[in-house]
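Working notes, beginning with the structure itself.
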Amino acid sequence: MGFFDKIKQGLKRTTDAVSEQFSDIMSTFVKIDADSLEQLEEALILSDIGATVAAEATEKVEDIAKHQRIDTPLALRCVLKDVLSDMMDHDTELHLDTKPAVILVIGVNGVGKTTSIGKIASRYVAEGKKVMLSAADTFRAAAADQLEIWAKRAGADIVRHGEGSDPAAVVFDSIAAAKARGSDVIIIDTAGRLHNKQNLMNELGKIDRIIDRELPGAARETLLVLDATTGQNAVYQAESFNKVAKLTGIILTKLDGTAKGGIVVAISAGLGVPVKLVGVGEGIDDLMDFNRSEFLEALLPPVEDMES
Ligand SMILES: Nc1nc2c(ncn2[C@@H]2O[C@H](COP(=O)(O)OP(=O)(O)OP(=O)(O)O)[C@@H](O)[C@H]2O)c(=O)[nH]1
Ligand SMILES: [Mg+2]
């Protein structure tokens with residue numbers, strides 16, 4: 001299954017909800033005017049795209065209408081897709097050009113950090129890369145066990161210490177092991193943390209400094225994992241983490257289990273941090289590179305419903 005089919009399936013609940021929000025405007029639309037713009041903005045807000053992004057997108061549609069005829073639902077859909085796509089225009093590649101490169105995975109409890117790491121590891125191993133997992137979530141003994149299960153499944157190496165040990169020390173040892181074994185990428189799992197718990201945020205700073213010292217110049221991705229089912233709360237988490245960590249991207253998980261998939265737009269357009277990967281299930285293959293065009297194609301009401 002390609003990205004489009006999978007994302008379409010994963011987004012089923014979201015698209016049903018979004019289609020419902022758009023059904024009025026799409027069934028009655030004939031021209032851009034105050035009423036239709038208001039309807040459009042409301043549909044966007046109700047689709048979890050966020051008030052700010054909804055207002056900005058509506059304004060852009062209005063501007064475009066000044067020099068381009070938008071007089072069918074299909075034309076409106078097309079313009080809206082272009083507008084949202086422009087607003088989400090970020091580099092969504094993972095940049096891992098050094099050997100080893102480092103992916104640091106952070107986020108609050110239970111969002112899908114460890115699962116996503118397992119999926120990423122599996123993908124790189126399938127590409128022939130040597131992957132080193134670093135069990136820097138030392139908060140619970142079960143955390144390292146869970147990561148070890150994923151390491152086995154994916155065919156990756158793992159470095160772990162005992163419960164309660166220093167996460168930075170685990171990272172230090174993983175880097176040494178990765179150098180010794182010639183790993184291509186080190187993926188660091190961390191304990192779930194709230195951005196307002198200062199000691200846990202300091203711990204991330206310490207991990208950062210170890211990487212800087214032991215692997216100066218290494219390609220780094222700091223990925224924040226967000227749970228799409230939490231809707232607008234995910235946007236707040238992204239804002240808070242972005243203030244304290246140098247985020248390079250977002251992994252948005254559990255898109256398959258939510259009607260709130262519109263928050264992808266709120267995050268990518270509103271925050272300036274690209275969504276790079278999306279989780280669409282619990283299986284090892286249920287992680288996809290984010291493709292904004294295909295995502296929007298799946299998100300917006302289907303074209304088939306408009307041509308009649
Ligand atoms: N449906 C669905 N479930 C997911 C997805 N990603 C993760 N999960 C599930 O979410 C739950 C939590 O996942 P974990 O990977 O343990 O989350 P975590 O962030 O590592 O949690 P902590 O280490 O406790 O902070 C598990 O039951 C996963 O199977 C996804 O994309 N879709
Ligand atoms: Mg975990």
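Residue numbers start at 1 and run along the sequence shown. Every number for a ligand or one of its atoms is a count from 1 in the order of the listing.
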Could you tell me whether Arg160 and Asp145 make a salt bridge, using a distance below 4.0 angstrom between a side-chain N and a carboxylate O? yes

Val171 and Ile211, any side-chain heavy atoms less than 4.5 Å apart: yes

Out of all atoms in ligand 1, which are within 4.0 Å of some heavy atom of Asp137? Include the element for each. 23 (O)

Should Glu239 and Asn242 count as side-chain neighbours, where that means a heavy-atom distance under 4.5 Å? no

Are the side chains of Leu11 and Phe295 in contact, using a 4.5 Å heavy-atom criterion? yes

Given the options Thr14, Thr15, Asp16, Lys12 meets side-chain hydrogen bond (donor to acceptor under 3.5 Å, both in side chains) only with Asp16

Just to check, does Arg193 reach to within less than 4.0 Å of ligand 1 when the distance is taken from its heavy atoms? no

Is Thr114 close enough that one of its N/O/S atoms sits under 2.8 Å from the Mg ion (ligand 2)? yes

Per-residue contact class, Met288 against ligand 1 - non-hydrogen pairs under 4.0 Å: neither

Below 3.5 Å, N or O to N or O, backbone or side chain included: is there any such pair between Thr190 and ligand 1? no

Does the side chain of Leu40 come within less than 4.5 Å of Phe22's, by heavy atoms? yes

Protein contact of atom 27 (O) of ligand 1 - nearest heavy atom, named by residue and atom, plus distance: Glu282 OE2, 3.4 Å

Under 4.0 Å from ligand 1, counting heavy atoms only, is it the side chain of Val225, its backbone, both or neither? neither

Please could you name the atoms of ligand 1 that Asn109 approaches to less than 4.0 Å, counting only its heavy atoms? 25 (O)

Looking at non-hydrogen atoms alone, which of Gly112, Gly281, Ala143 comes nearest to atom 30 (C) of ligand 1? Gly281

Give the single entry among Leu287, Leu255, Thr115, Val105 that approaches atom 15 (O) of ligand 1 most closely by any heavy atom. Thr115

Output for pair (Glu221 CD, Ile251 CD1), nearest 0.5 Å, gives 9.5 Å

Could you see which bit of Asp256 sits under 4.0 Å from ligand 1, with heavy atoms only: side chain, backbone, both or neither? side chain

Closest protein heavy atom to atom 16 (O) of ligand 1, given as residue, atom name and distance to 0.1 Å: Gln146 NE2, 3.0 Å

Whether over 12 other heavy atoms sit under 6.0 Å from Glu20 CD: no

Between Ser134 and Ser174, do the side chains contain an N or O donor and an N or O acceptor separated by less than 3.5 Å? yes

Looking at OG1 of Thr248 and CD1 of Ile103, how far apart are the two atoms once the value is rounded to the nearest 0.5 Å? 9.0 Å

Counting C-beta onward and ignoring hydrogens, is there a side-chain heavy-atom pair between Leu80 and Leu296 closer than 4.5 Å? no

Tell me, which protein residue and heavy-atom name are nearest atom 12 (C) of ligand 1, and how many Å apart are they? Gly110 O, 3.6 Å

Residue and atom name of the nearest protein heavy atom (relative to atom 18 (P) of ligand 1), distance in Å to one decimal: Lys113 N, 3.4 Å

Between Ala191 and ligand 1, does any nitrogen or oxygen pair lie at a separation below 3.5 Å? no

Identify whether the distance between the nearest side-chain nitrogen and carboxylate oxygen of Asp286 and Lys119 falls below 4.0 Å. no

Which residue supplies the protein heavy atom nearest to atom 23 (O) of ligand 1, what is that atom called, and how far is it? Arg140 NH2, 3.4 Å

Gly279 neighbourhood, listing ligand 1 atoms whose heavy-atom distance to it stays under 4.0 Å: 31 (O)

Atoms in ligand 1 with a heavy atom of Gly192 nearer than 4.0 Å: 25 (O)

Which residue and heavy atom of the protein sit nearest atom 11 (C) of ligand 1, plus the separation: Lys254 NZ, 4.0 Å

Mark up the atoms of ligand 1 that fall under 4.0 Å of a heavy atom belonging to Val280, in ascending order. 31 (O)

